[in-house]
Amino acid sequence: MIRIGFPDGTEREFPEGIEAGQAAATLQQAQEAVAVKMDGRLLDLSAPLTQSGKLELVMPDCPEGLDILRHSAAHIMAEAVGHIFEGVKFAIGPAIEDGFYYDFDLEEKITEEDLGRIEKEMRRIIAKGEPFQRLSLPKAEAMRRMKDAGQVYKLELLGEIDQEPISFYGQGDFLDLCLGPHLPDASRIKAFKLLSVAGSYWRGDSRNKMLQRVYGTAFYSEEELKKHLKLLEQAKARDHRRLGKELGLFSVHEEVGPGLIHWHPKGGLIRHLIEKFWYEEHLKRGYQIVYTPHIANERIFEISGHLDKYADLMYSPMDIDGQPYRLKPMNCPGHIMIYQSRKRSYRDLPLRLCELGTVYRYEPSGTLHGMLRVRGFTQDDAHIFCTQEQLASEVAGVLELADFMMKAFGYTYRTYLATMPEDHLGTEEEWQWSTEALRKALEERRTQYEVDEGGGVFYAPKIDIKLLDSMGRLWQGPTIQVDLNLPTRFNATYVGADGAEHLTVIVHRTVLGAMERFIGGLIEHYAGAFPLWLAPVQVKVLPIADRHNDYALEIKKGLQEKGLRSEADLRSERISLKIREATLEKIPYMLILGDKEAEKGTVALRHRTEGDLGQHCLDDVAARLLAEIEERIPA
RNA sequence: GCCCGCGUAGCUCAGUCGGUAGAGCACGGCACUCGUAAUGCCGGGGUCGGGGGUUCGAAUCCCCCUGCGGGCUCCA
């Protein structure tokens, strides 16, 4: 007999080997459970229990429940693909964040049109309600079976598994190497949809064969699936490439080259406002503004090591007076030159040099993506030169700035401390004190953080901040990296109070990342509706009839004098059309002007989403908007 | 870079089996002068991404190039 404890605190005895589902049958909602957790380990409902322990149900609405559904859906999809196509070799098919995929190797090309056929076959399989059955095989037998079936990828995976027996799951005529668990049977897959086909390298390595990947998603109910698909639609409507075009923010031109952004007046204004904000906040915190050249003799990148390590990502050299020059991929060497321009004493430190530095990187063409992944971009870069003792407080200062800026844009974030990776430069001792300094800074600021073990860069530890946008998506945010490598390479030192030379510590840090990516992300975060302080046009002045145009221009002038950005729509169009178009342009406020307003010298205020806000005098409206701008109230 | 797909008017897209192009919006003109999310009529606009090939004939079929999209690796 074995003793099983349940979440409600009760305990019962069962004969050894009882199925998990049966043991849990008396629990509430046991009917809906899709699997169980035994002492924290996921098991099938049909798994025999052989030891005493604590048992919990895994319900459909928890994350693990969803993963199990999707993983099972991936198996069903693989079975269906095996039915439709000849000679399919199966690679891997896991559940992922919002769904699942399966990688196949087959001669024939799977196209988007095939997705319908595959879905149909999946439905047929699901309708049969085949059970997912676990099969344990000794490794030798498993290898023999996979070899006979010509499943080379499974064979490769098997070769790396040490434990025995090996677990397989089968349904219908499909058998897959798999840890499980799975749903009891296919009929539990109520709602699914295949979304796309894509190429992917076996094990994500470009030296390996390109496989065909089919992406899909699955839910326990049609409603949830519909909700998810609607969310995808909404994300599409926020796509910064679409909004960038619609709102006249930026463009990319085939004639110029891929990944090179042209900022249009409205996008340019947004960027200018953010840069202005950025400069002000940096100056307040003791940073000094520098500018460094866009091209440089490649000698400098030999010293920095970039040429050695990042040559593939750098634009080819150009011959200048017989010397090879390169577009800069990083700002650090230039900043170090400024540091090195004279002998430095401990009294000069900390030295905080900041630059909105435009860099060029030859990113692989397939990775380019709107403003988010480009080849020419402006980093909000800064390098802090300091002593070892100053490191923690300098990092704390950066954390404060990062927090301030992220809040200004309405982002919440998560913080990670990335520690020494296996492949690294420098001594253990250096890693230890630099990591400790970061930790101390985080603790001093009372920042909640997680440790990303081994996630540091090869030359030093770092702090990564990931942003959570309004759609709940995670973005790369501010990063702070300690660097002991570049100071060594450039021999960046200072004279200490003791009269001796010491190696300077460099902190690389970025808050926004790159203007292109940050603003691309902001467009999606705000769905194109920028808060008043960033809106390129803050107010649209809308006269009702032509005879109100003069008054409209007078009001526009008044707004301009108050420092508010406005446009007047003087076309002979109906007011409803003007309102509609201003709303679609996502302009925060409208002033509607007709006979009543012209007579009384007032304006009728309308907000983009709140609608009619009634009549006011211009001064009151201006005061209201200026206060909103001052506080940088999110849209 | 690699795999798949796509590129038709400024934008979004239609274009059947190959017979030299069409809609809506936008743009220009005219009329209406209008009160909180689309007034009506008229008009201009395309060497169908570029090059080559097959064909009597190519937006349509084939090849190359280019750009874009979905992914893979990496990442500001």
Side-chain angles (χ1 to χ4, degrees), chain A residues 101 103 105 109-114 195-215 236 239 241-242 245-246 248 251-259 310 312-313 329-331 357-381 457 475-479 481 508-518 520-521 542-549 571-585 590-597 604-615:
Chain A
Y101 68 79
D103 283 348
D105 182 6
K109 305 293 179 203
I110 303 178
T111 67
E112 306 255 338
E113 283 88 74
D114 293 325
L195 297 171
S196 61
V197 274
S200 74
Y201 298 106
W202 166 237
R203 308 202 129 180
D205 189 329
S206 60
R207 287 169 302 193
N208 290 339
K209 183 161 185 189
M210 179 65 69
L211 308 176
Q212 301 189 62
R213 175 175 296 182
V214 179
Y215 281 95
K236 224 168 143 188
D239 190 307
R241 292 164 300 185
R242 177 198 180 118
K245 194 179 270 179
E246 283 173 8
S251 60
V252 183
H253 300 271
E254 192 173 340
E255 299 89 322
V256 178
Y310 298 108
D312 288 351
L313 277 178
M330 305 255 186
N331 299 307
T358 304
V359 298
Y360 292 89
R361 295 185 189 170
Y362 182 63
E363 297 282 352
S365 60
T367 62
L368 302 176
H369 181 89
M371 275 184 139
L372 300 181
R373 190 67 187 223
V374 293
R375 283 183 172 168
F377 57 95
T378 301
Q379 280 182 312
D380 83 293
D381 213 352
V457 212
W475 299 75
Q476 176 64 53
T479 62
Q481 293 178 3
H508 306 255
R509 45 106 285 180
T510 175
V511 179
L512 308 180
M515 298 313 292
E516 286 74 8
R517 172 183 275 196
F518 186 75
L542 307 177
I544 285 175
D546 291 350
R547 66 176 177 281
H548 308 120
N549 283 0
R571 295 173 304 167
S572 303
E573 291 292 351
R574 277 145 189 72
I575 195 65
S576 53
L577 181 82
K578 295 184 184 184
I579 289 172
R580 176 182 160 79
E581 293 189 350
T583 308
L584 292 175
E585 281 177 70
M590 289 161 248
L591 296 180
I592 291 148
L593 309 174
D595 289 334
K596 280 184 276 179
E597 290 76 17
L605 184 64
R606 182 186 165 93
H607 185 266
R608 191 177 63 83
T609 55
E610 288 163 42
D612 194 352
L613 298 176
Q615 285 205 34

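Values in this document were obtained by computation on a predicted structure and should not be read as measured data. We name chains A, B, ... by the order of the sequence lines, and we start the count at 1 in each one.
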Could you please name the option among [options] that lies closest to any side-chain atom of [X]?
| X | options | value |
| --- | --- | --- |
| A:Glu581 | B:G71, B:U39, B:A26 | B:A26 |
| A:Asp595 | B:C11, B:U39, B:G35 | B:G35 |
| A:Gln379 | B:A37, B:G35, B:A76 | B:A76 |
| A:Ile592 | B:U39, B:U33, B:G35 | B:G35 |
| A:Ile575 | B:A37, B:G35, B:G70 | B:G35 |
| A:Glu573 | B:U39, B:U33, B:U12 | B:U39 |

Measure distances between side-chain N and O atoms of A:Arg241 and base N and O atoms of B:C68, and say whether any donor-acceptor pair falls under 3.5 Å. no
Without decimals, in angstroms, what is the distance between [X] [atom1] and [N] [atom2]?
| X | N | atom1 | atom2 | answer |
| --- | --- | --- | --- | --- |
| A:Asp312 | B:U73 | CG | P | 18 Å |
| A:Leu613 | B:G35 | CG | P | 20 Å |
| A:Glu610 | B:U36 | CD | P | 19 Å |
| A:Asp546 | B:A31 | CG | C1' | 12 Å |
| A:Arg580 | B:C25 | CZ | C1' | 10 Å |

Please encode protein proximity along nucleotides 1-10 of chain B as a string of B, S and -, counting only heavy-atom distances under 4.0 Å. BBBS------
Phosphate-side-chain proximity, [X] and [N], N/O vs OP1/OP2 below 4.0 Å:
| X | N | answer |
| --- | --- | --- |
| A:Lys578 | B:G35 | no |
| A:Arg547 | B:C34 | yes |
| A:His508 | B:A76 | no |

Set out, line by line, the N/O atom pairs under 3.5 Å between protein and nucleotides 43-48 of chain B.
none

Return the nucleotide paired to B:A31: Watson-Crick means purine N1 to pyrimidine N3 with N6-O4 or O6-N4, wobble means G-U with N1-O2 and O6-N3, both under 3.5 Å. B:U39
Could you tell me whether A:Gly204 contacts a base, only the sugar-phosphate backbone, or nothing, with contacts defined as non-hydrogen atoms closer than 4.0 Å? sugar-phosphate
